[in-house]
2 protein chains.
Amino acid sequence: MHNAVEAIDFAELVRKAGLRPTRQRLSLARQLFLNGDRHVTAEQLHSESLGQGFGVSLATVYNTLHQFTTAGLLRELVVDAGRSYFDTNVSAHHHLYFEDSGELRDVPGDNVTIGDLPALPDGAEISRVDIIIRVKNGDGTS
Amino acid sequence: MHNAVEAIDFAELVRKAGLRPTRQRLSLARQLFLNGDRHVTAEQLHSESLGQGFGVSLATVYNTLHQFTTAGLLRELVVDAGRSYFDTNVSAHHHLYFEDSGELRDVPGDNVTIGDLPALPDGAEISRVDIIIRVKNGDGTS
DNA sequence: TAGTTTATTAGAATGATTCTAATTTAACTT
DNA sequence: AAGTTAAATTAGAATCATTCTAATAAACTA
């Protein structure tokens with residue numbers, strides 16, 4: 001989707017999300033989308049941004065992650081109690097979670113198929129199906 | 001699995017989990033398993049236990065929930081960041097989550113089938129596959 | 001540029017969970 | 001049954017991720 005070969009207009013990206021292209025949001029968008037396919041926590045992104053010499057407060061990291069999520073640029077996912085990951089891949093896909101290392105890896109959506117879904121109550125509508133394949137004894141590096 | 005018709009020997013249940021059948025653990029086991037099929041948070045169980053006139057501290061509720069989970073009597077599940085549910089149904093099944101009400105409902109395991117799983121790294125082994133079907137606009141009461 | 005709106009921020013507040021250290025209880029021994 | 005020991009319970013403090021607050025700053029609009 002996004003890649004390092006063709007340049008991404010981050011200001012455009014942020015504006016399309018209905019947000020002002022501030023230095024902070026552009027900086028975070030660059031971190032998230034420049035090399036694509038990331039699974040980050042707010043803390044990770046925050047310390048990464050500090051390491052790059054751009055002071056972005058943790059509050060802004062949280063604000064921005066939520067705004068990007070609302071705008072459909074990110075998908076929030078919960079695998080562990082007490083910590084949210086944000087996935088830059090918003091297309092249909094699922095996750096492989098390495099319990100030992102905490103690493104999260106995408107599984108193409110068509111690699112997993114769901115057979116019959118249960119009947120839903122009247123008026124109910126599926127907003128999303130999350131599939132997390134939890135794996136142990138494997139470091140996720142092979 | 002558990003039901004209200006045939007009596008459950010809670011002391012036996014707790015002992016089989018390698019734990020001493022204390023008043024607190026027996027009380028919590030009764031709350032959890034007497035009528036079966038529950039999805040509770042620690043806080044819920046705690047206030048419920050207080051309401052029944054048995055003073056069980058929140059710390060003990062957490063300890064007990066984790067011990068029961070380790071013993072295979074409960075399954076911990078995370079649908080929302082920042083709050084764990086404990087499911088008394090430990091057989092293979094998945095979940096329907098009503099985003100509006102926060103209600104969680106079981107989906108029989110054979111109601112959902114997974115087609116192809118991705119290749120796993122060497123040495124990796126699937127410990128569990130969690131499927132959460134998120135539903136909106138439905139109160140879960142029909 | 002002036003005025004208005006939206007963002008950012010430090011630090012306080014919150015909420016779930018875990019930890020600590022002291023007390024109590026269960027189980028074992030004699 | 002009393003004494004001993006290991007395990008369990010507890011209140012309250014501590015922790016960690018996240019959200020809130022209210023003040024300052026930057027972006028947009030006219």
Side-chain angles (χ1 to χ4, degrees), chain A residues 9-31 39-50 52-71 73-74 76-86 102 104, chain B residues 9-31 39-50 52-71 73-74 76-86 102 104:
Chain A
D9 185 340
F10 294 107
E12 183 64 8
L13 188 84
V14 170
R15 248 189 238 101
K16 269 188 189 149
L19 302 166
R20 292 181 176 178
T22 61
R23 190 205 86 222
Q24 290 85 339
R25 291 205 270 237
L26 293 176
S27 171
L28 292 173
R30 204 174 295 117
Q31 283 174 248
H39 297 98
V40 291
T41 63
E43 286 287 357
Q44 275 168 24
L45 202 63
H46 180 237
S47 58
E48 192 179 302
S49 84
L50 292 184
Q52 296 186 1
F54 299 103
V56 177
S57 74
L58 187 55
T60 296
V61 172
Y62 275 104
N63 289 341
T64 303
L65 286 173
H66 288 142
Q67 289 153 352
F68 285 5
T69 299
T70 299
L73 296 174
L74 292 175
E76 181 174 2
L77 54 116
V78 184
V79 284
D80 261 346
R83 136 145 91 267
S84 277
Y85 285 82
F86 291 86
L104 211 42
Chain B
D9 184 342
F10 295 108
E12 183 62 9
L13 189 84
V14 169
R15 249 188 238 104
K16 269 187 188 150
L19 301 166
R20 292 182 177 178
T22 61
R23 190 204 85 223
Q24 290 85 340
R25 291 204 270 237
L26 292 176
S27 172
L28 294 173
R30 205 174 294 118
Q31 284 173 248
H39 297 99
V40 291
T41 63
E43 286 288 357
Q44 275 168 24
L45 202 64
H46 180 237
S47 58
E48 192 179 303
S49 83
L50 292 183
Q52 296 186 0
F54 298 104
V56 177
S57 74
L58 188 55
T60 296
V61 172
Y62 275 104
N63 289 340
T64 303
L65 286 172
H66 289 141
Q67 289 154 352
F68 283 5
T69 299
T70 299
L73 296 174
L74 293 174
E76 182 173 2
L77 53 116
V78 185
V79 283
D80 261 347
R83 139 147 90 266
S84 277
Y85 286 83
F86 291 85
L104 209 43

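Just so we're on the same page: letters track the sequence lines, and every chain starts at 1.
Atom pair A:R83:CZ and C:dA16:P shows a separation of 18 Å (rounding to whole Å applied). Counting to the nearest Å, the P atom of C:dT18 and the CG atom of B:L65 are 10 Å from each other. Summarising the geometry, the separation between CD on A:Q24 and C1' on C:dA7 is reported as 8 Å, rounded to the nearest angstrom. The nearest whole Å value for the distance from the OH atom in B:Y85 to the P atom in C:dA16 is 11 Å. Summarising the geometry, the separation between CZ on B:R25 and C1' on C:dA26 is reported as 10 Å, rounded to the nearest angstrom. Following rounding to the nearest Å, B:F68 (CZ) and D:dA8 (P) show an atom-to-atom distance of 11 Å. Rounded to an integer number of Å, the gap from B:Q44 CD to C:dT17 P is 11 Å. Atom CD of A:E76 and atom P of D:dT19 are 8 Å apart (whole Å).
For the pair B:D80/A:V78, no side-chain contact is recorded, criterion being any heavy-atom separation below 4.5 Å from C-beta on.
The shortest distance between the side-chain N/O atoms of B:Y62 and the OP1/OP2 oxygens of C:dT18 is not below 4.0 Å. Regarding contacts with the backbone of C:dT8, every side-chain N or O of A:S57 stays at 4.0 angstrom or more from both OP1 and OP2.
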For a quick check, with a 4.0 angstrom heavy-atom cut-off, what is the B/S/- contact string for nucleotides 20-30 of chain D, read 5' to 3'?
B------BS--
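Comparing B:L58 and A:V56 along DNA chain C, the residue whose closest nucleotide (by nearest heavy atom) sits nearer the 5' end is A:V56.
Among the heavy atoms of the strands lying under 4.0 Å from B:S84 are primed sugar atoms or P, OP1, OP2 only; no base atom is included.
Distance from the side chain of A:T64 is smallest to C:dT8 among C:dT8, D:dA11, C:dA16. The side chain of B:H66 approaches C:dT18 more closely than any other nucleotide in the set C:dT6, C:dT9, C:dT18.
Here the OH-CG distance, from B:Y85 to B:L74, works out to 15.0 Å after rounding to the nearest 0.5 Å. Atom-to-atom distance recorded for B:K16:NZ and B:L73:CG is 10.0 Å, nearest 0.5 angstrom. Here CG of B:D9 is found 7.5 Å from CZ of B:R15. Values are rounded to the nearest 0.5 Å. Going from atom OG1 of B:T41 over to atom CD of B:E48 covers 9.5 Å, rounded to the nearest 0.5 Å. Note that OG1 of A:T60 and CG of A:L45 are 11.5 Å apart. Values are rounded to the nearest 0.5 Å.
Residues that satisfy the salt bridge (Lys or Arg N to Asp or Glu O under 4.0 Å) test with B:E43, not counting sequence neighbours, are absent from this structure.
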